[in-house]
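In what follows, a structure is listed as structure tokens, so that the remarks can point back to it.
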Amino acid sequence: MKLTIETATIDLLDELYKIEKQSFTSEAFSKKEIACLLEDYEAIGLAARANGEIAGFLIGRIVVEKGKVLGHLLTLDVLPSYRRMGIAQKLHGRFEESLSRKALSSVSWR
Ligand SMILES: CC(C)(COP(=O)(O)OP(=O)(O)OC[C@H]1O[C@@H](n2cnc3c(N)ncnc32)[C@H](O)[C@@H]1OP(=O)(O)O)[C@@H](O)C(=O)NCCC(=O)NCCS
């Protein structure tokens with residue numbers, strides 16, 4: 001399986017919402033909520049593309065508390081047919097890398 005991770009942009013909204021609906025029932029984010037999250041400046045959206053198809057995604061938010069950069073995971077979903085193949089793990093790893101970069105860029109002089 002060819003797996004790549006890309007930024008989840010608003011262009012992918014229909015595909016992301018389809019995955020969200022298949023992953024959660026009553027607790028699913030609405031399409032509008034996903035759109036708002038993707039456009040949130042503090043949010044990080046990542047999508048996993050497997051064999052050309054969007055197979056999963058993650059949206060998290062960066063919170064800086066007392067000088068510490070923390071990641072808050074808002075949603076992490078993988079299409080049922082692509083589960084247990086390491087996609088969530090890969091998305092999570094990329095999210096952590098983004099947080100590390102953010103932490104480094106948060107260092108300021110005096
Ligand atoms: C939870 C979810 C995102 C996992 O996605 P995934 O791509 O299948 O996860 P991975 O293949 O990366 O799994 C990594 C590890 O997590 C654990 N894991 C994943 N799914 C699991 C499950 N259903 N039960 C128990 N452990 C699980 C396992 O340790 C797994 O490693 P292994 O397959 O080598 O045993 C996916 O099942 C999903 O979308 N579920 C519905 C939405 C949801 O509950 N999201 C999480 C909260 S926001």
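Counting convention: from 1, in listed order, for ligands and their atoms alike.
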Query raised in the report: Who's touching ligand 1 if we go heavy atoms under 4.0 Å?
Result: Ser23, Phe24, Leu76, Asp77, Val78, Arg83, Arg84, Met85, Gly86, Ile87, Ala88, Gln89

Report task. Please name the residue in the list Ile59, Leu91, Leu46 that meets the side chain to side chain contact (heavy atoms under 4.5 Å, CB included) test with Leu76. Result -> Leu91

Query raised in the report: Among all residues two or more places apart in sequence or in another chain, which pass the salt bridge (Lys or Arg N to Asp or Glu O under 4.0 Å) test with Asp11?
Result: none

Query raised in the report: Distance from Leu58 atom CG to Leu74 atom CG, nearest 0.5 Å?
Result: 8.5 Å

Report summary line: In terms of heavy-atom contacts, Val78 and Ser23 come closest through O-OG, 3.8 Å

Query raised in the report: How long is the span from the CD1 atom in Ile19 to the CG atom in Leu16, to the nearest 0.5 Å?
Result: 6.0 Å

**Report entry** Asn51 (side chain) donor-acceptor with Lys2 (main chain) under 3.5 angstrom
**Finding:** yes

